[in-house]
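The shown structure was predicted, so the numbers you read here are calculated from the model rather than taken from an experiment.
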Protein chains: 2
Amino acid sequence: MNIGEIATRSGLPAKTIRYYEEIGLIKPLRDTNGYRAFRQQDLHKLTFLGRARALGFSIEDCRNLLALYEDQNRSSADVKSIARDHLAKIEQKIADLVDMQSTLTHLISACAGDNRPDCPILNSLDVQSL
Amino acid sequence: MNIGEIATRSGLPAKTIRYYEEIGLIKPLRDTNGYRAFRQQDLHKLTFLGRARALGFSIEDCRNLLALYEDQNRSSADVKSIARDHLAKIEQKIADLVDMQSTLTHLISACAGDNRPDCPILNSLDVQSL
DNA sequence: GTAGGGGTTCCACCAACGGGAAGGTCAAGA
DNA sequence: TCTTGACCTTCCCGTTGGTGGAACCCCTAC
């Protein structure tokens with residue numbers, strides 16, 4: 001498989017696949033003409049990576065998950081631990097965003113949004129509002 | 001005011017303040033020795049920026065908000081529009097994260113987390129699971 | 001032979017800073 | 001007066017996870 005084909009099959013852009021090779025996540029073979037030659041296992045890995053990234057796992061998380069994925073003697077506890085750490089980060093982000101959402105929603109509803117210069121949103125950002 | 005003092009007062013790191021000058025958000029004066037000389041209005045702007053950033057507004061949003069903040073003839077509709085766009089982005093991010101949270105929570109609860117190699121989390125990332 | 005649609009490398013860029021080096025400045029104390 | 005230490009300056013590199021583009025090679029079809 002050339003990079004174009006595996007890009008289509010895995011759903012990842014060719015640029016991303018080259019980048020994943022560069023950082024050592026995959027190690028495709030090379031044809032005599034210098035083209036990357038992907039095997040079925042590379043497609044598996046890339047699909048795996050695409051899904052893990054879609055779940056928000058960092059590249060380093062993915063590296064660890066991939067190592068576990070390939071380790072027949074892994075324990076599921078190791079995987080669960082990474083997933084739990086990641087879940088905690090996600091929940092923290094959600095909490096932060098919900099805070100912002102709440103504040104913004106209040107400010108927006110308080111703002112007339114007309115042609116007048118008075119604006120509760122700017123007022124609240126101004127030092128004077130303290 | 002030197003940068004150390006305004007950093008303390010605004011709550012922003014000195015590095016961040018220098019960066020904000022570099023990208024043109026603030027324009028402090030200079031003393032003869034080359035030190036930045038901040039005025040009260042710079043403190044106002046930096047405080048404003050700190051709060052807007054804490055609400056997740058991008059630097060470009062901040063630039064626009066700051067221009068409106070300084071424009072006595074602004075209309076509150078312009079501010080409200082920026083805030084609404086930003087709120088929409090936040091809500092999209094929350095939705096994405098909640099999706100991830102939901103999937104991860106299911107996977108984690110399905111995973112025994114013991115010493116055995118079988119792991120529903122990895123299985124779900126594997127291409128085989130389709 | 002040439003046109004096109006692959007592929008390759010390398011370099012630069014994005015957000016929003018943070019770390020650290022190398023050096024100038026200032027105020028206080030011995 | 002000298003020195004110490006805290007402060008300031010600029011400059012450059014690193015971060016995360018790629019994306020865009022330039023310049024160039026390769027392969028197939030017409």
Side-chain angles (χ1 to χ4, degrees), chain A residues 1-39 42 45-46 48-66 85-86 89-90 92-93 96-97 100, chain B residues 1-39 42 45-46 48-66 82 85-86 89-90 93 96-97 100:
Chain A
M1 261 181 290
N2 281 348
I3 201 167
E5 188 179 348
I6 205 171
T8 305
R9 289 214 208 174
S10 67
L12 296 173
K15 279 276 192 184
T16 299
I17 296 172
R18 289 195 194 96
Y19 173 68
Y20 287 172
E21 182 190 11
E22 189 190 329
I23 63 174
L25 287 180
I26 52 167
K27 301 195 196 312
L29 304 175
R30 294 286 176 146
D31 279 342
T32 48
N33 59 10
Y35 285 20
R36 288 169 182 81
F38 296 90
R39 292 153 292 176
D42 297 315
K45 281 201 202 180
L46 287 172
F48 181 99
L49 286 168
R51 297 200 189 151
R53 294 285 301 130
L55 281 174
F57 284 102
S58 72
I59 292 287
E60 281 319 296
D61 280 343
C62 287
R63 199 186 295 281
N64 294 326
L65 288 171
L66 214 46
D85 285 354
H86 180 45
K89 286 181 202 154
I90 286 177
Q92 182 58 55
K93 275 190 199 167
D96 291 346
L97 287 170
M100 292 181 195
Chain B
M1 259 180 291
N2 281 349
I3 201 168
E5 188 179 349
I6 205 170
T8 304
R9 290 214 207 172
S10 67
L12 295 174
K15 277 274 189 185
T16 299
I17 296 171
R18 290 195 193 97
Y19 174 67
Y20 287 173
E21 182 191 10
E22 190 189 328
I23 63 174
L25 287 180
I26 52 167
K27 302 194 196 313
L29 304 176
R30 293 288 177 145
D31 281 340
T32 49
N33 59 12
Y35 286 19
R36 289 170 182 81
F38 295 90
R39 291 154 293 175
D42 296 316
K45 280 203 201 179
L46 287 172
F48 181 99
L49 286 168
R51 296 198 191 151
R53 295 285 302 129
L55 282 173
F57 283 102
S58 72
I59 292 288
E60 282 319 296
D61 281 343
C62 288
R63 199 187 295 280
N64 294 325
L65 289 172
L66 213 47
I82 295 175
D85 285 354
H86 179 45
K89 285 181 202 153
I90 286 177
K93 272 191 202 167
D96 291 346
L97 286 171
M100 291 181 195

Exercise for review: Could you check if a side-chain atom of A/Lys93 sits within less than 4.5 angstrom of a side-chain atom of A/Lys89, using non-hydrogen atoms only?
Suggested key: no
Exercise for review: Indicate, with a heavy-atom threshold strictly under 4.0 Å, whether B/Arg18 touches base, sugar-phosphate, or nothing.
Suggested key: base
Exercise for review: Give the nucleotide from the list D/dC27, C/dA16, D/dT10 with an atom nearest to the side chain of B/Tyr19.
Suggested key: C/dA16
Check your understanding: For C/dA16, does either OP1 or OP2 sit under 4.0 Å from a side-chain N or O belonging to B/Thr16?
Key -> no
Review point. When the distance from CD1 of B/Ile26 to C1' of C/dA16 is rounded to whole Å, what number comes out?
Key: 14 Å
Exercise for review: Apply side-chain contact (heavy atoms from CB on, under 4.5 Å) to the pair A/Ile6 and A/Leu12, showing each step before the final yes or no.
Suggested key: CA-CA 8 Å; A/Ile6 205 171; A/Leu12 296 173; over 6 Å; no
Check your understanding: Reckon A/Phe57 touches a base, only the sugar-phosphate, or nothing at all at heavy-atom distances under 4.0 Å?
Key -> nothing
Point to revise | Between P of C/dC17 and CG of B/Leu49, the distance in whole Å | key: 9 Å
Exercise for review: Name the nucleic acid region contacted by A/Ile3, choosing base, sugar-phosphate or nothing; use a 4.0 angstrom heavy-atom cut-off, strictly under.
Suggested key: sugar-phosphate
**Study point:** Phosphate contact (D/dT10 OP1 or OP2) by B/Arg30 side-chain N/O below 4.0 Å
**Key:** yes
Review point. Under 3.5 Å, is there an N or O donor on one side and an acceptor on the other linking the side chain of A/Lys15 and the base of D/dG17?
Key: no
Exercise for review: For the pair B/Asp42 and B/Lys45, find out whether any cationic side-chain nitrogen is under 4.0 Å from an anionic carboxylate oxygen.
Suggested key: no
Check your understanding: Given atom CD1 of B/Ile17 and atom C1' of C/dA16, what is their separation to the nearest angstrom?
Key -> 14 Å
Review point. Is the shortest distance from a Lys or Arg side-chain nitrogen in B/Glu22 or B/Arg18 to a carboxylate oxygen in the other one below 4.0 Å?
Key: no
Check your understanding: Considering only heavy atoms and no angle criterion, is a donor-acceptor pair shorter than 3.5 Å present between the side chain of B/Tyr35 and the base of C/dG24?
Key -> yes
Practice item. Specify the angle, to 10°, made by the local axes at the two ends of the helix from C/dG1-D/dC30 to C/dA30-D/dT1 when five pairs are taken at each end. Key: 40°
Check your understanding: How long is the line joining CG of B/Asp31 and P of D/dT9, in whole Å?
Key -> 9 Å
Point to revise | Whole-Å distance separating the CD atom of A/Glu22 from the P atom of C/dT9 | key: 10 Å
**Study point:** Minimum side-chain heavy-atom gap B/Phe38-B/Ile26 below 4.5 Å
**Key:** yes
Below 3.5 Å between N/O atoms, which protein atoms pair up with nucleotides 13-15 of chain D? Just atom names and distances, please.
none

Check your understanding: Phosphate oxygens OP1/OP2 of C/dA15: is one of them under 4.0 Å from a side-chain N or O of B/Ser58?
Key -> no
Exercise for review: Go through C/dC26, C/dG24, D/dG18 for me and flag the one nearest to the B/Asn33 side chain.
Suggested key: C/dC26
Practice item. Please determine if A/Arg30 and A/Glu21 form a salt bridge, counting it only when a charged side-chain N lies under 4.0 Å from a carboxylate O. Key: yes
**Study point:** 5'-most by nearest nucleotide on DNA chain C - B/Thr32 or B/Glu60
**Key:** B/Glu60
**Study point:** Per A/Arg36 side chain, nearest of listed nucleotides D/dT19, D/dT10, C/dT8
**Key:** C/dT8
Review point. Starting at CD1 of B/Ile59 and ending at P of C/dC17, how long is that distance when rounded to a whole Å?
Key: 5 Å
**Study point:** Residue pair A/Ile3 / A/Tyr35, side-chain heavy-atom distance below 4.5 Å
**Key:** no
Practice item. Find the distance A/Arg53:CZ to D/dG18:C1' and express it as a whole number of Å. Key: 9 Å
Check your understanding: Any side-chain donor-acceptor pair under 3.5 Å between B/Asn64 and B/Glu60?
Key -> no
Review point. Within this structure, what is the CD1-to-P distance between B/Ile23 and C/dC13, rounded to whole angstrom?
Key: 17 Å
Review point. Any side-chain heavy-atom pair from A/Pro28 and A/Arg39 closer than 4.5 angstrom?
Key: no
Practice item. Verify side-chain contact (heavy atoms from CB on, under 4.5 Å) between A/Met1 and A/Arg36, making sure each step is shown before the conclusion. Key: CA-CA 8 Å; A/Met1 261 181 290; A/Arg36 288 169 182 81; over 6 Å; no
